[in-house]
Protein chains: 2
Amino acid sequence: METSGAPRRLRGTASWLLGQATTQAHRLVSEALGAVDARRYHYSLLAALDEFGPASQADLGRRGGLDRSDVVATVNELADKGFVERRPDPGDKRRNIVSVTPSGTAHLRHLDRVLGRAQEALLAPLSAAEREELVRVLNVVLEHHG
Amino acid sequence: METSGAPRRLRGTASWLLGQATTQAHRLVSEALGAVDARRYHYSLLAALDEFGPASQADLGRRGGLDRSDVVATVNELADKGFVERRPDPGDKRRNIVSVTPSGTAHLRHLDRVLGRAQEALLAPLSAAEREELVRVLNVVLEHHG
DNA sequence: CCCACTTGTTGGCCCCACCAACGGTCAGGA
DNA sequence: TCCTGACCGTTGGTGGGGCCAACAAGTGGG
């Protein structure tokens, strides 16, 4: 409580620290993805498709936390590159069914490796135990905030 | 190498986890700051000024990791609100000297409290020990990527 | 006196996260 | 059956954030 004259700024604030660390992570990841002409949305969508199989665009958005409008643009881009296929749902004329092509699966594997290297660069200074703990703690936070 | 049919996606990728956790943090922080009509840049700049004292805009950018052009806009906004003062450097006609006003210091204190609450909300599910460890690990990463 | 460099400023770019509105479609209840 | 509410894809827009290029004015060293 002391209103001491000391500057006493808070480089230690966890939210700010997370912000800074994240900026680094974001930069590394975006940079790595950009080098292969991809963006984070591409990975989110491809990963969601790979994990859960074909789905409507709205479902894809819910899976990956993307807005419906962003899903449209991302599917457009991925379809242009042949990584994804969009076809009407015969059972519901409102929906499109989006599915991964073999080329898309290969691309996802490639992105996996690219991201793996980015992660390795990011966490380089940490021991294996520290990385595990970090992942665990982040999972706790994520799960809590659903 | 097994091309087993299993989906096997990597929600556990640390870089991606960090990305997700960060999105949460970013949302909480931006939301909290937005409620008091502030942005992250405002805090970065005010904190840098409070910690190191008056400085030229270029120096401010270097301190806080902001681009010179972004410093211009941020100083404009903060000056409009009376939180910051910009006056020419008598010793170097290229430079402006930016300094915090008392009102700006008060505002910074307020932002500190706002961010503190956001951080509390973010880290709610973690124990004190876990928070400490998280902060420590993040500091290691940041320092390494300096 | 040059020349290289810095500074503030303008303007632009791309990504990311959202929101509002629309026309078309679907399903359930009156 | 028709109405109504919900849902879907799509378009368009907003704002923050992180960058970069170019410029004129100014500075300092050789």
Side-chain angles (χ1 to χ4, degrees), chain A residues 16 18-45 55-79 84-98 145, chain B residues 16 18-45 54-79 84 86-98 145:
Chain A
W16 211 247
L18 234 179
Q20 297 297 108
T22 276
T23 296
Q24 284 296 324
H26 196 287
R27 206 174 48 78
L28 282 174
V29 166
S30 294
E31 190 170 294
L33 288 180
V36 291
D37 196 33
R39 290 178 295 118
R40 298 167 62 90
Y41 279 8
H42 292 191
Y43 184 79
S44 290
L45 212 150
S56 74
Q57 301 183 184
D59 277 347
L60 276 180
R62 282 185 283 266
R63 287 177 186 174
L66 280 71
D67 189 83
R68 299 206 305 281
S69 57
D70 298 320
V71 173
V72 173
T74 306
V75 169
N76 283 342
E77 293 170 10
L78 290 176
V84 128
E85 247 182 10
R86 178 201 261 134
R87 58 175 214 273
D89 183 337
D92 187 337
K93 289 178 187 169
R94 292 173 301 178
R95 290 183 170 89
N96 291 332
I97 296 182
V98 181
H145 282 82
Chain B
W16 211 246
L18 235 179
Q20 296 298 107
T22 275
T23 297
Q24 282 297 323
H26 195 289
R27 207 173 47 78
L28 281 174
V29 167
S30 294
E31 189 170 293
L33 288 181
V36 291
D37 197 32
R39 289 178 298 120
R40 298 166 63 93
Y41 279 8
H42 294 190
Y43 184 79
S44 290
L45 213 150
S56 74
Q57 299 183 188
D59 277 346
L60 275 181
R62 281 186 283 266
R63 288 177 187 174
L66 280 72
D67 189 83
R68 298 207 304 282
S69 57
D70 298 320
V71 173
V72 173
T74 307
V75 169
N76 283 342
E77 293 171 11
L78 291 175
V84 128
R86 178 202 262 134
R87 55 174 217 274
D89 183 337
D92 187 336
K93 290 178 188 170
R94 293 172 301 177
R95 290 184 169 88
N96 291 331
I97 295 182
V98 181
H145 283 81

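Since the model is a prediction, treat every value here as computed from it, not as a measurement.
- Rounded to an integer number of Å, the gap from CD of A/Glu77 to P of C/dC16 is 10 Å.
- If you measure from atom CG of B/Leu33 to atom P of D/dG15, you get 17 Å, rounded to the nearest angstrom.
- Going from atom CD of A/Glu31 over to atom P of C/dC15 covers 14 Å, rounded to whole Å.
- Within the 4.0 Å cut-off from OP1 or OP2 of D/dT10, at least one side-chain nitrogen or oxygen of A/Asn96 is found.
- The base of C/dC19 sits with one of its N or O atoms less than 3.5 Å from a complementary donor or acceptor on the side chain of A/Asp67.
- The only option from B/Thr74, B/Leu66, B/Asp70, B/Val71 that meets the side-chain contact (heavy atoms from CB on, under 4.5 Å) definition with B/Ser44 turns out to be B/Leu66.
- At the phosphate of D/dT10, OP1 or OP2 sits under 4.0 Å from a side-chain N or O atom of A/Gln57.
- As a whole-Å value, the separation of B/Arg27 CZ from D/dG16 C1' is 15 Å.
- What separates CD1 of B/Ile97 from C1' of C/dT7 is a distance of 13 Å, to the nearest Å.
- In this model, the phosphate group of C/dT7 is approached by a side-chain N or O of B/Arg62 to a distance below 4.0 Å at OP1 or OP2.
- Which of D/dG9, C/dG8, D/dT10 sits closest to the side chain of A/Arg86 comes down to D/dT10.
- Across all strands, B/Thr23 comes closer than 4.0 Å only to sugar-phosphate atoms, never to a base (heavy-atom distances).
- Counting only heavy atoms from C-beta outward, the side chains of B/Leu60 and B/Arg63 approach each other to under 4.5 Å.
- Picking from C/dT6, D/dT27, C/dC16 the nucleotide with the shortest atom distance to the side chain of B/Asp92 gives D/dT27.
- Within the nucleic acid shown, A/Arg87 has no heavy atom closer than 4.0 Å to any nucleic acid atom.
- Put simply, CG on B/Leu66 is 13 Å from P on C/dG8, counting in whole angstrom units.
- Distance, A/Arg94 CZ to D/dG5 P: 16 Å, rounded to whole Å.
- In this structure, CG of B/Asp70 is placed 11 Å from P of D/dC20, rounded to the nearest angstrom.
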task: Kindly indicate, with the supporting measurements, whether the criterion side chain to side chain contact (heavy atoms under 4.5 Å, CB included) is fulfilled by A/Arg87 and A/Asn96.
output: CA-CA 5 Å; A/Arg87 58 175 214 273; A/Asn96 291 332; over 6 Å; no
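- Annotation: side chain of A/Lys93 is not in contact with side chain of A/Pro88 (no heavy-atom distance under 4.5 Å).
- Each of A/His26 and A/Lys93 lies near DNA chain C, and the nucleotide nearest A/His26 is the one positioned closer to the 5' end.
- Residue B/Arg39 has a polar side-chain atom (N or O) positioned under 4.0 Å from OP1 or OP2 of D/dG16.
- When each of B/Ser56 and A/Arg68 is assigned the nucleotide of DNA chain C with its nearest heavy atom, B/Ser56 is the one assigned upstream, toward the 5' end.
- Under the 3.5 Å distance criterion, with hydrogens and angles disregarded, a donor-acceptor pair is assigned to the side chains of B/Gln57 and B/Arg86.
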